[in-house]
Number of protein chains: 8
Amino acid sequence: MAFTVYLSGEIHTGWRDELVKGCRERGLDVDFTSAVTDHAASDAAGDSLGKETNPFWRDHKSAKVNAIRTRTLIRQSDLVVIRFGEQYKQWNAAFDAGFCAALEKPYITLHGEDIIHPLKEVDAAAMAWATTTDQVMEILEYVTTG
Amino acid sequence: MAFTVYLSGEIHTGWRDELVKGCRERGLDVDFTSAVTDHAASDAAGDSLGKETNPFWRDHKSAKVNAIRTRTLIRQSDLVVIRFGEQYKQWNAAFDAGFCAALEKPYITLHGEDIIHPLKEVDAAAMAWATTTDQVMEILEYVTTG
Amino acid sequence: MAFTVYLSGEIHTGWRDELVKGCRERGLDVDFTSAVTDHAASDAAGDSLGKETNPFWRDHKSAKVNAIRTRTLIRQSDLVVIRFGEQYKQWNAAFDAGFCAALEKPYITLHGEDIIHPLKEVDAAAMAWATTTDQVMEILEYVTTG
Amino acid sequence: MAFTVYLSGEIHTGWRDELVKGCRERGLDVDFTSAVTDHAASDAAGDSLGKETNPFWRDHKSAKVNAIRTRTLIRQSDLVVIRFGEQYKQWNAAFDAGFCAALEKPYITLHGEDIIHPLKEVDAAAMAWATTTDQVMEILEYVTTG
Amino acid sequence: MAFTVYLSGEIHTGWRDELVKGCRERGLDVDFTSAVTDHAASDAAGDSLGKETNPFWRDHKSAKVNAIRTRTLIRQSDLVVIRFGEQYKQWNAAFDAGFCAALEKPYITLHGEDIIHPLKEVDAAAMAWATTTDQVMEILEYVTTG
Amino acid sequence: MAFTVYLSGEIHTGWRDELVKGCRERGLDVDFTSAVTDHAASDAAGDSLGKETNPFWRDHKSAKVNAIRTRTLIRQSDLVVIRFGEQYKQWNAAFDAGFCAALEKPYITLHGEDIIHPLKEVDAAAMAWATTTDQVMEILEYVTTG
Amino acid sequence: MAFTVYLSGEIHTGWRDELVKGCRERGLDVDFTSAVTDHAASDAAGDSLGKETNPFWRDHKSAKVNAIRTRTLIRQSDLVVIRFGEQYKQWNAAFDAGFCAALEKPYITLHGEDIIHPLKEVDAAAMAWATTTDQVMEILEYVTTG
Amino acid sequence: MAFTVYLSGEIHTGWRDELVKGCRERGLDVDFTSAVTDHAASDAAGDSLGKETNPFWRDHKSAKVNAIRTRTLIRQSDLVVIRFGEQYKQWNAAFDAGFCAALEKPYITLHGEDIIHPLKEVDAAAMAWATTTDQVMEILEYVTTG
């Protein structure tokens, strides 16, 4: 059984690569998609449309260009995995969770025990909470081959 | 023209009261709704269903009981105002924004200039960004009486 | 805050009356709706359309006439409470749960600990699991007045 | 004409194998999908996410992990066949029926005459009621090649 | 319990009046709505927009003006009753049935035994088939007061 | 540009074959689907599920089995062509038109000038009205290759 | 029968007032809603959120603030009347038409014969085309009292 | 990552060809679709269904035949690019924008600075505004390969 999994959230650690590599080693029929994860490129996504002096509008344009990609990929996915790390606000990850919840798109959260409480609304609408990429792979293996 | 506005986000400052009082003074036909904003009561929302030893499950139960109220009120509202303050993770506020975006429910964000960048995806899907409650009232007055 | 609550499931015990009376005593602004709970009348709901010799078709006609009422009331409700008792198959109650899940209509289950395992899929999609009508009232009081 | 059929319900008898084998023998262009039907594996679906001492939460986690698979497969199917046997509560099968009804996903029930009455609401929303796997195959042959 | 019932189909007999009068006598809380049932006025509904020499376009304009009323009323109703008589093609009645089926709006058919076969697809998607207005009233009384 | 066209209505003349053959000769990339058009087989579609003494229920079962096929094919199509001939009631064709209208599935009607008036509601919701299969082919050629 | 009608398009002539006054004189139970029609106020709708040096962003902010009002009112209306005049681009009026078409919200166009050709796509999805406010009133009277 | 892009608007300049050629040169995995862009053929799209003496009905028929193609292609696309030029009313382009907005289909506008103000509502609902085809290609390259 083939599955397409969208990976949302933290872009400064190697969790995406771990998942992609691990699932390949397990021989799972899973395709992964993602936002553009090059931080500088993502922030500059709208710059080709003309420079902005006001940082709000620069961000605004880039966020919308990125959304052309991310909204489409989220809608096309069978499952979303959303990673919350220790740094940064990561409001876009929580935004993706709310977006999935309203669309009835199943998602799994991936985060440590120390942020259980602030993530309680996000976790309450998730299909599972994992703390390691190995756990996510276990779930993916079960779901697609079980 | 009557409007129902759901107020989401920060619960530790007086912004909700300011809005309610200010709109009353302006004579606007606006009803405000909200999650339960008593922090302790909200965290304990699921306790009546039985105590949990594991904090994850306590949070889980409370978050779902709260969602019975909040999802219904968000769906019934004409507009959502989402406040991001300087403290706390506020992932539930960003979750509400994503939820609204997917439901095509218009929302306004209310936050300072210092957090423009981490909120860029949230702001990109909003109908407006305000920095003060007075600005929100201006918008509400324009929209309902203009 | 007004709430409309649809009561689904077991019709041979007094749990509906307990809830209605208890919420009135607490002064809650909650309206309750329900299928026709007179068992004999419900089984005969389609008889006025002509007698059937085959019991399958008698049931079929009655079930559809009942659905005219129940589907409308479920769609109009803000919350559904689904009671599973110790007797009978109660597949219609589980059917209502699945119906609510697909419509994103929030529901609470009400049942004893002894049937946790066979109800795990039904409970997994619920917003809460209660074991007593008092617990349901606590939730309703919190949600509508909290 | 190709058809994807999701098989829901009873996991302790060989009805799934009968259908798969029979349709292959008839040369039908039908793909079958299903939940994980290994009972022990299904009950343990969430165990890799961490052990639970409370059986309710163990069931809860496993039911949600299973739902990642089943909801996706039900949505992708053209038809659902739901089997009710003589044993067990099978509330998950009735839940699937209600879920299909709300999504307008056509389903067929497969059960004996002795449980017509308790299944009347489930049958009333079905496209057909069959008592044998041969009958289901007849329908599948008619629908896909007729 | 209040119900809004849209009456579709045959306009040359008194079945609408029978239903309205009978339900009033029974004291039912039912509101009835309908297309414009004055045949000549209905055919001329679009004439005020300018005369047409081609009868196709005259019909086209009138049918669309009528649809402004009928689509809105069908969407606002809780139940639709669709009457097929012995005369005329009544394709608009069958069209309304298909429209209701796709919207999941419950409907009851009202017609004699002699046209069971040509109406089989229409009846198959209905919640009930009645042969007399008394039967329809029985159902309405059961559904709204049972 | 590939197109899937569902052919609904009249089964006693050769219009389907004309369309299929004509489009092949024109080299159009159009796939055609249809209900089972063998009248006797269609009427008997539910017989394998057990004989019925009451003709209403025999029709009921067959109509629902046919709907498993037809609803799926209509939903999968890009366009529906609905043929009304001179004989029979053809309420199922008008039902399909209403079903398409509510789903926003574009459809073309194919019928003679003599039945313009009784089909005015059906035509008013159509994207085109054709009187010959050649006209339908012209439209299909324009739409897919223009 | 009560109707809510949203008036879209041209703001420099008195057609809105004519309609409101005319319908009152006819005693019709019609409520009218509209965007803010004070041109200068509408262009400045977002100014309270902070001045912009770039005219694109000033327009952007104002257009979104206006959309908070207009999208809500369009969704709440039963019918939309869209006026195209002789001056200005009026792309927002055509935008509203497309918005209504996708939402299945019925709309009437109101414009002269000289702009039939450029409005053909807009008119093709409309329920009627009127050239005078008197014609619109005729339709409203027919639809609500016919 | 493959993307399907629907090109809407201006048909009298070479912007479509520039985009198709430029994306091919960049090696992007993008498919382009469009309405029929032969102006005379498009205006005559309905002529094969019979000549009309009234230009309104000729336009009406052609616009609907064109919509069979365009609505389907817009729904199948991942992104829509809408070009507004210096000539013509182009209300159909603004109509497409409104249609996309209501369907939550992301779109980009392509137009010069001189028409920013009249397009403010159209731009406010867009994901990006570009002034050159090179900018559109930059966005497509970023979105599909970034």
Side-chain angles (χ1 to χ4, degrees), chain E residues 8-9 35 39 42-43 45-46 54-68 70-71 74-75 80 82 84 86-105 107 109 111-126 129 131, chain F residues 8-9 35 39 42-43 45-46 54-68 70-71 74-75 80 82 84 86-105 107 109 111-126 129 131:
Chain E
S8 168
H39 196 157
S42 175
D43 280 359
N54 182 334
F56 180 83
W57 294 121
R58 188 203 181 208
D59 279 346
H60 198 71
K61 284 162 68 174
S62 292
K64 282 187 169 170
V65 168
N66 281 313
I68 293 174
T70 57
R71 300 278 175 88
I74 287 176
R75 288 183 194 273
V80 176
I82 308 178
F84 291 87
E86 289 164 20
Q87 288 184 296
Y88 304 101
K89 294 290 192 185
Q90 302 171 94
W91 282 320
N92 60 327
F95 179 89
D96 282 354
F99 194 81
C100 288
L103 291 182
E104 298 187 84
K105 181 73 65 185
Y107 68 88
T109 58
H111 63 82
E113 296 205 3
D114 50 322
I115 47 178
I116 282 176
H117 192 61
L119 280 172
K120 66 180 188 292
E121 287 84 5
V122 172
D123 284 341
W129 161 49
T131 54
Chain F
S8 169
H39 196 156
S42 174
D43 281 358
N54 182 334
F56 180 83
W57 294 120
R58 188 201 180 210
D59 279 346
H60 197 73
K61 285 162 68 175
S62 292
K64 282 186 169 170
V65 168
N66 281 313
I68 294 173
T70 58
R71 301 277 176 88
I74 287 175
R75 288 182 195 274
V80 175
I82 309 179
F84 290 88
E86 290 165 17
Q87 289 184 295
Y88 303 101
K89 294 290 194 184
Q90 303 171 95
W91 283 320
N92 59 327
F95 180 89
D96 282 355
F99 194 81
C100 288
L103 291 182
E104 298 187 83
K105 180 72 66 184
Y107 68 88
T109 58
H111 62 83
E113 295 205 3
D114 51 322
I115 47 178
I116 281 175
H117 191 62
L119 280 172
K120 66 179 187 295
E121 288 85 5
V122 172
D123 283 340
W129 161 49
T131 54

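Order of the sequence lines fixes the chain letters, A, B, ..., with proteins taken first and strands second; residue numbering starts at 1 for each chain. Just so it is clear, the model here is predicted, and its values are computed rather than measured.
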Subject >> Residue pair His60(F) / Asp123(E): nearest heavy atoms and the distance that separates them >> reply: CE1-O, 3.8 Å
**OP:** Could you tell me which residues satisfy side-chain hydrogen bond (donor to acceptor under 3.5 Å, both in side chains) with Arg71(F), sequence neighbours excluded, listed by chain and number?
**Re:**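 Scan of Arg71(F) (side-chain hydrogen bond (donor to acceptor under 3.5 Å, both in side chains), adjacent residues dropped) gives none.
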**OP:** Count the heavy atoms belonging to other residues, nucleotides or ligands that lie under 6.0 Å from CD of Glu104(E), then report whether that count exceeds 12.
**Re:**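 More than 12 heavy atoms, drawn from other residues, nucleotides or ligands, come within 6.0 Å of this atom.
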Original post:
What part of Ala67(F) is in contact with chain E, defined as an atom under 4.5 angstrom from a non-hydrogen atom: side chain, backbone, both or neither?
Top reply: neither
Subject >> For Asp59(E), all residues meeting salt bridge (Lys or Arg N to Asp or Glu O under 4.0 Å), sequence neighbours excluded >> reply: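 Salt bridge (Lys or Arg N to Asp or Glu O under 4.0 Å) list for Asp59(E), sorted by chain: empty.
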Subject >> salt bridge (Lys or Arg N to Asp or Glu O under 4.0 Å) partners of Glu113(E), counting only residues at least two apart >> reply: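 Listed in chain order: nothing, the list is empty.
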Original post:
Do Asp43(F) and His117(E) touch side chain to side chain, with heavy atoms closer than 4.5 Å?
Top reply: yes
Original post:
Which of residues 88-95 of chain F get closer than 4.5 angstrom to chain E, counting heavy atoms alone?
Top reply: Tyr88(F), Lys89(F), Gln90(F), Trp91(F), Asn92(F), Ala94(F), Phe95(F)
Original post:
Can you tell which of Asp96(E), Thr70(E), Asn66(E), Ile115(E) has the highest number of heavy-atom pairs within less than 4.5 Å of chain F?
Top reply: Ile115(E)
